[in-house]
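In what follows, a single structure is set out as structure tokens and then discussed.
In this text the structure is predicted, and so the values were computed from the model without any measurement. Throughout, numbering of the chain's residues begins at 1 and tracks the sequence. Order of appearance sets the numbers: ligands from 1, and atoms from 1 within every ligand.
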Amino acid sequence: MGRPLPCPERGNVLLIGGGGREHALAWKLRQSPRLGTLWLTDAMNAGLSRLGETCPVSMDCSDAFQMQRWCERNDIHLVVVGPEGPLAAGIADILASEHRQVFGPTKAAAQIEADKVFAKNIMLHASIPTAESRVFHDPESARHYVNAHEDPCVVKAAGLAAGKGAIVCDDQEQALAAIDRIMVDREFGEAGDTMIIEEKLPGQEISVLALVDGRTIWLLDPCQDHKQVGEGDIGPNTGGMGAYCPTPFLEPEILTAVQGEIIVPVVDALRRAGLNYRGVLYTGLMLTPAGPKVLEFNCRFGDPECQPIMARLKTDLFEILWATCAGTLDDVLIEFDPRTACCVVMCSEGYPGPYDKGKPITGIEDAEALGDENQQVIVFHSGTRHDNEGQLVTNGGRVLGVTALADDLQAARDLANAACRCIHFDGAFYRRDIGDRVLVTSP
Ligand code: AMP
Ligand code: GLY
């Protein structure tokens, strides 16, 4: 291996993606004195687009030559990839060069998220604790299996399904319907060519994100997302309704065990398979009575987990991302604000089902003005845009990630909810109970 590329005094960055996670990454990158021009692939998101220039060419991996040429001409030093789609399509393989770093794993290593069968096999070979599972290639044998097993299960499309491909089932009827959705109705297209059926695990769900530079692993403080749409954890799963960081559910000794028994072994197993993982490795864990078990690995920052993580990050993000790519993470000290950050996601009526777009949004400035010298409100945009009249309007199911930083979880959650009350758009809804699993002790 050659010498690591030194971190440039000033570097131009191309940020791929256009959601709340990318707004948070751009917001943090803008605080770096090393940032030259920030180029964005998404000109729509009204919060993100004001932070950089719009890249005029498509970066969807369909034209590698054009993507490479544009990066050469614009002297891009660092490409930061937000979503999993471009990583699974090989953007890191296409854009990395002798003088350009790409934050995110190669196509082969991104299979840890893009192919759940690949991930299960890696876990099996490395003895990593995860739910018992079976793989199916046709609906008939899957039905046969479900009819013979009464326990609640989770039916999952093996490929990428925009976070919607895992269907949690309480009984056989629901499981049979899930099989039909995935393999007969083909709701998730070819992502459902192969399916996994696994035991439903009980417990608290936690997200542990780690930076991995091929050798060094740096664990970020654990977060807790809230997947279900309704307060009290009811209704269908979403991309995530709100997250806070850090979470007290993973005590330091359990986090050390997670590192030693899950994260180090998976990175080692990938290396044994010839895959040098670089980027962020997101481990979705269930804290079961039998110990932490892996629900999934993702090859990118979580959304909305990224928003509270960035709100707390004190260290220069450019330097962290560069060191992860260059294999020099052990030279960097990553520091976080000791306070808690809580992100509450404001959504469009109907989400995660069909919803309308184009509803005028007001009150963001009032929300951000709730901050003072001790606490802060940052409103990250997920699905917003400016309409032809320049009015800020909704443009997605998840619209805003209203993020508050305060002394403790209670204060951060209360402040985020107060900020949400300042913001208005037709049909807006959000969960007021983000963090309740900690704040409310059950009777
Ligand atoms: P996945 O795409 O595999 O992460 O699954 C999406 C969501 O479904 C997870 O974040 C969990 O909330 C839920 N889930 C997935 N697998 C299981 C499981 N084995 N037991 C319970 N819940 C699960
Ligand atoms: N918040 C869940 C995810 O990003 O997959």
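- With Met286, Lys200, Lys156 as candidates, the residue nearest to atom 15 (C) of ligand 1 on a non-hydrogen basis is Lys156.
- In this structure, Lys293 falls outside the shell of residues with a heavy atom less than 4.0 angstrom from ligand 1.
- The pair Asp433-Arg413 does not meet the salt-bridge criterion, since no charged nitrogen lies less than 4.0 angstrom from a carboxylate oxygen.
- Scanning all protein heavy atoms for the shortest distance to atom 11 (C) of ligand 1 gives Glu205 OE1, 3.2 Å.
- One finds no salt bridge joining Arg431 and Asp436 here, because no Lys/Arg side-chain nitrogen approaches an Asp/Glu carboxylate oxygen to under 4.0 Å.
- The nearest heavy-atom contact from the protein to atom 2 (O) of ligand 1 is Lys116 NZ, 3.1 Å.
- Considering backbone and side-chain N/O of Arg300, one or more are found under 3.5 Å from N/O of ligand 2.
- Ligand 2 lies nowhere less than 4.0 angstrom from a heavy atom belonging to Gly240.
- The two residues Tyr351 and Gly397 have their closest heavy-atom pair at CD1-CA, 3.5 Å.
- Atom numbering of ligand 2 starts at 1 in the shown order; those under 4.0 Å from a heavy atom of Asn298 are 5 (O).
- Gly284 does not count as a contact of ligand 2, since none of its heavy atoms falls under 4.0 Å from the ligand.
- Under 4.0 Å from ligand 1, the heavy atoms of Asn237 that appear belong solely to its side chain.
- The nearest heavy-atom contact from the protein to atom 4 (O) of ligand 1 is Glu296 CD, 2.6 Å.
- Ring geometry for Phe380 versus His23: interplanar angle over 60°, hence perpendicular rather than tilted (30 to 60°).
- The nearest heavy-atom contact from the protein to atom 14 (N) of ligand 1 is Val168 CG2, 4.2 Å.
- Considering only non-hydrogen protein atoms, atom 5 (O) of ligand 1 sits nearest to Ala166 CB, 3.2 Å.
- Every heavy atom of Phe301 sits 4.0 Å or more from the atoms of ligand 2.
- No hydrogens or angles considered: nothing links the side chains of Thr106 and Asp93 as a donor-acceptor pair under 3.5 Å.
- Closest to atom 20 (N) of ligand 1 among all protein heavy atoms lies Leu201 N, 2.8 Å.
- Scanning all protein heavy atoms for the shortest distance to atom 19 (N) of ligand 1 gives Glu198 OE2, 2.8 Å.
- In this structure, Ala243 has no heavy atom closer than 4.0 Å to ligand 2.
- The distance between the ring centers of Phe297 and Tyr282 does not fall below 6.0 angstrom.
- Residue Glu198 forms a side chain to side chain contact (heavy atoms under 4.5 Å, CB included) with just one option from Arg134, Glu132, Lys120, and that option is Lys120.
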